[in-house]
2 protein chains.
Amino acid sequence: MGSILSPDDRPATDLTARARIRDAALAQFAEHGTKGATLRGIADAAGVSLGLVQHHFRSKEGLRAACDDAVVEAFRGRLTRGTAEGTLGEPGLLGDLFATSGPLLRYLARALVDGSSTAAAMFDELAAGAEDFLSRTWPDRYPPDSPRVRDAASVMAAMHSGTIVLHGYLARRFGDDPLDREHATRIGLAMLDVYASVGEFAVSPTGDQIRETATRLRDHPDT
Amino acid sequence: MGSILSPDDRPATDLTARARIRDAALAQFAEHGTKGATLRGIADAAGVSLGLVQHHFRSKEGLRAACDDAVVEAFRGRLTRGTAEGTLGEPGLLGDLFATSGPLLRYLARALVDGSSTAAAMFDELAAGAEDFLSRTWPDRYPPDSPRVRDAASVMAAMHSGTIVLHGYLARRFGDDPLDREHATRIGLAMLDVYASVGEFAVSPTGDQIRETATRLRDHPDT
DNA sequence: TTGTAATCTGTACAGACGTACAGTGAGCTC
DNA sequence: GAGCTCACTGTACGTCTGTACAGATTACAA
């Protein structure tokens with residue numbers, strides 16, 4: 001049934017037509033966006049007629065909802081487990097996430113921009129995990145529910161999601177698509193490098209200076 | 001002429017029709033994407049007829065190119081200056097970037113995902129700046145043109161761009177849109193927080209452990 | 001005033017889109 | 001084997017889209 005959820009080696013013809021349509025929709029939505037993808041294009045990619053797509057999913061919105069469901073189904077275990085273990089916000093999870101099936105992440109990346117409620121929920125879950133991580137690791141710096149931890153966690157979620165949303169540009173610069181399983185860890189390792197180095201920079205005198213300038217600019221927005 | 005480039009206080013009716021159309025297109029493209037925005041919707045928003053849009057920009061692609069030109073025009077000075085001063089990759093520039101006109105950044109964020117050559121060039125410029133910054137600040141860690149600095153700079157560019165691309169989610173969580181000038185510095189300050197803290201984490205024993213796991217996973221991709 | 005170019009409007013058209021629906025055939029039950 | 005359900009196809013319809021184009025209006029130069 002899964003096709004994408006449990007990548008078996010069976011040829012595509014062995015899949016249910018319904019699953020084949022959903023997989024094709026996942027790819028088309030990911031590549032062309034919600035508006036750009038067409039039911040006829042999806043039907044062609046799945047090797048079925050336009051009518052069958054309607055028969056199984058009623059409408060375009062219904063098909064999109066089915067794609068959303070497939071994503072949450074695939075990520076549910078991973079996310080809830082991450083939340084339970086309290087490791088959701090730690091950088092390691094992102095690498096784990098990258099190890100997941102590429103098509104799903106590609107779809108999620110587009111859905112994040114096209115604005116689906118599922119993607120929004122996932123972003124919030126990521127931010128909540130980051131908030132928990134920050135508050136747990138540096139309780140004095142990030143008191144739970146403080147504005148500071150809320151801002152930092154939100155931005156952290158956006159930065160990490162950004163590497164998924166913009167994976168196409170990374171693929172172009174890397175030579176390999178980082179969303180393919182064999183190069184999944186490459187983003188994670190680079191992120192560790194960035195954090196280690198720019199982290200040094202952030203606590204350096206120059207970093208303090210930037211922080212002061214920004215703070216002054218925020219409190220006294222003149223010139 | 002500028003309208004967006006030099007925000008004067010004159011009412012919209014004082015602007016050239018051509019400039020009004022371009023401004024409306026910027027906003028519509030930013031909100032609905034290249035595919036989702038329609039020439040009729042743009043014409044309505046600008047208060048002109050559909051025919052006039054064609055007259056001034058020939059085609060939808062022509063209008064999009066004009067929007068791209070407006071963006072590079074607005075950013076050219078800023079970016080070249082940043083490159084000359086060698087400050088393009090430093091975190092401070094992002095705050096500077098955020099202080100620019102909101103509509104332009106919103107358009108750029110969408111263009112980055114919809115895939116315009118202009119957006120791609122700007123991403124590359126950002127990555128090149130980050131590469132320069134890393135190599136200049138930590139020459140031994142990031143030898144110029146090494147794979148390591150290339151990976152780190154690419155991911156850094158993606159993370160920073162991510163805060164722009166996903167600004168809608170930040171706006172929802174912040175309560176204020178961070179792309180409005182008065183809250184421009186909020187993202188920058190939060191980023192400094194994230195870098196300072198996660199930077200500590202990245203060089204901690206736990207960070208080393210994650211790095212080792214990821215490296216082993218990369219070199220020996222078995223279970 | 002006449003002529004010419006630029007600005008601007010309205011209509012018309014071909015194609016692509018989502019959706020509705022009649023119809024076909026295979027499998028299954030009673 | 002009659003009846004039924006379900007997977008599946010093909011066609012048709014109304015709407016929306018980008019584009020083309022004729023014509024009206026204005027600005028300006030000769």
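Proteins come first, then strands; the chains are lettered A, B, ... in the order of their sequence lines, and each starts at number 1.
Residue pairs meeting the salt bridge (charged side-chain N to carboxylate O under 4.0 Å, His left out) criterion with at least one partner in residues 149-171 of chain B, sequence neighbours excluded, are A:Arg186-B:Asp151.
Legend: residues meeting side chain to side chain contact (heavy atoms under 4.5 Å, CB included) with A:Arg148, ordered by chain and number and at least two apart, are A:Arg141, A:Tyr142, A:Ser146, B:Asp193. For B:Arg172, the side-chain hydrogen bond (donor to acceptor under 3.5 Å, both in side chains) partners are A:Asp124, not counting sequence neighbours. Scanning for side chain to side chain contact (heavy atoms under 4.5 Å, CB included) contacts around B:Asp114 gives A:Arg110, B:Thr34, B:Arg110, with sequence neighbours left out. For A:Ala43, the side chain to side chain contact (heavy atoms under 4.5 Å, CB included) test picks out A:Val48, A:Val53, with sequence neighbours left out. Scanning for side chain to side chain contact (heavy atoms under 4.5 Å, CB included) contacts around B:Ala121 gives an empty result, with sequence neighbours left out. Partners of A:Phe57 by ring pair (Phe, Tyr, Trp, His ring centres under 6.0 Å), not counting sequence neighbours: none found.
Across residues 52-63 of chain A, A:Gln54, A:Ser59, A:Lys60 each have a non-hydrogen atom less than 4.0 Å from an atom of DNA chain C (numbered order). Taking a 4.0 Å limit (strictly below) on heavy-atom distances, residues 30-39 of chain B reaches DNA chain D at B:Ala37, B:Thr38, B:Leu39.
Using a 4.0 Å cutoff to heavy atoms of chain B, the contacted part of DNA chain C runs 5' to 3' from C:dT7 to C:dA12.
Looking at heavy atoms from C-beta onward, B:Leu108 lies out of side-chain contact with B:Phe123 at the 4.5 angstrom threshold. The closest side-chain heavy-atom distance from B:Lys60 to B:Thr38 is not below 4.5 Å. Counting only heavy atoms from C-beta outward, the side chains of A:Met159 and B:Leu166 never approach each other to under 4.5 Å. Looking only at side-chain heavy atoms (C-beta outward), A:Met191 and A:His160 come within less than 4.5 Å of each other.
Summarising the geometry, atom OG belonging to B:Ser161 is positioned 10.5 Å from atom CE belonging to B:Met156; distances are rounded to the nearest 0.5 Å.
Atom-to-atom, CG of A:Asp44 to C1' of D:dT9 comes out at 13 Å; the value is rounded to the nearest Å. Between B:Ile42 atom CD1 and D:dC16 atom P there is a gap of 17 Å when expressed in whole angstrom units.
For the helix from C:dT1-D:dA30 to C:dC30-D:dG1, the angle separating the two terminal helix axes comes to 10°, with each axis derived from five pairs and the value rounded to 10°.
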Which pairs of donor and acceptor atoms, one on a side chain in residues 63-72 of chain A, lie under 3.5 Å apart (sequence neighbours left out)?
from    : atom 1 : to       : atom 2 : distance (Å)
A:Asp68 : OD1    : A:Tyr107 : OH     : 2.4
A:Asp68 : OD2    : A:Ser116 : OG     : 3.3
A:Asp68 : OD2    : A:Thr118 : OG1    : 2.9

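Where A:Arg40 and A:Gly51 meet DNA chain C, the nucleotide closest to each residue was compared, and A:Arg40 sits on the side nearer the 5' end.
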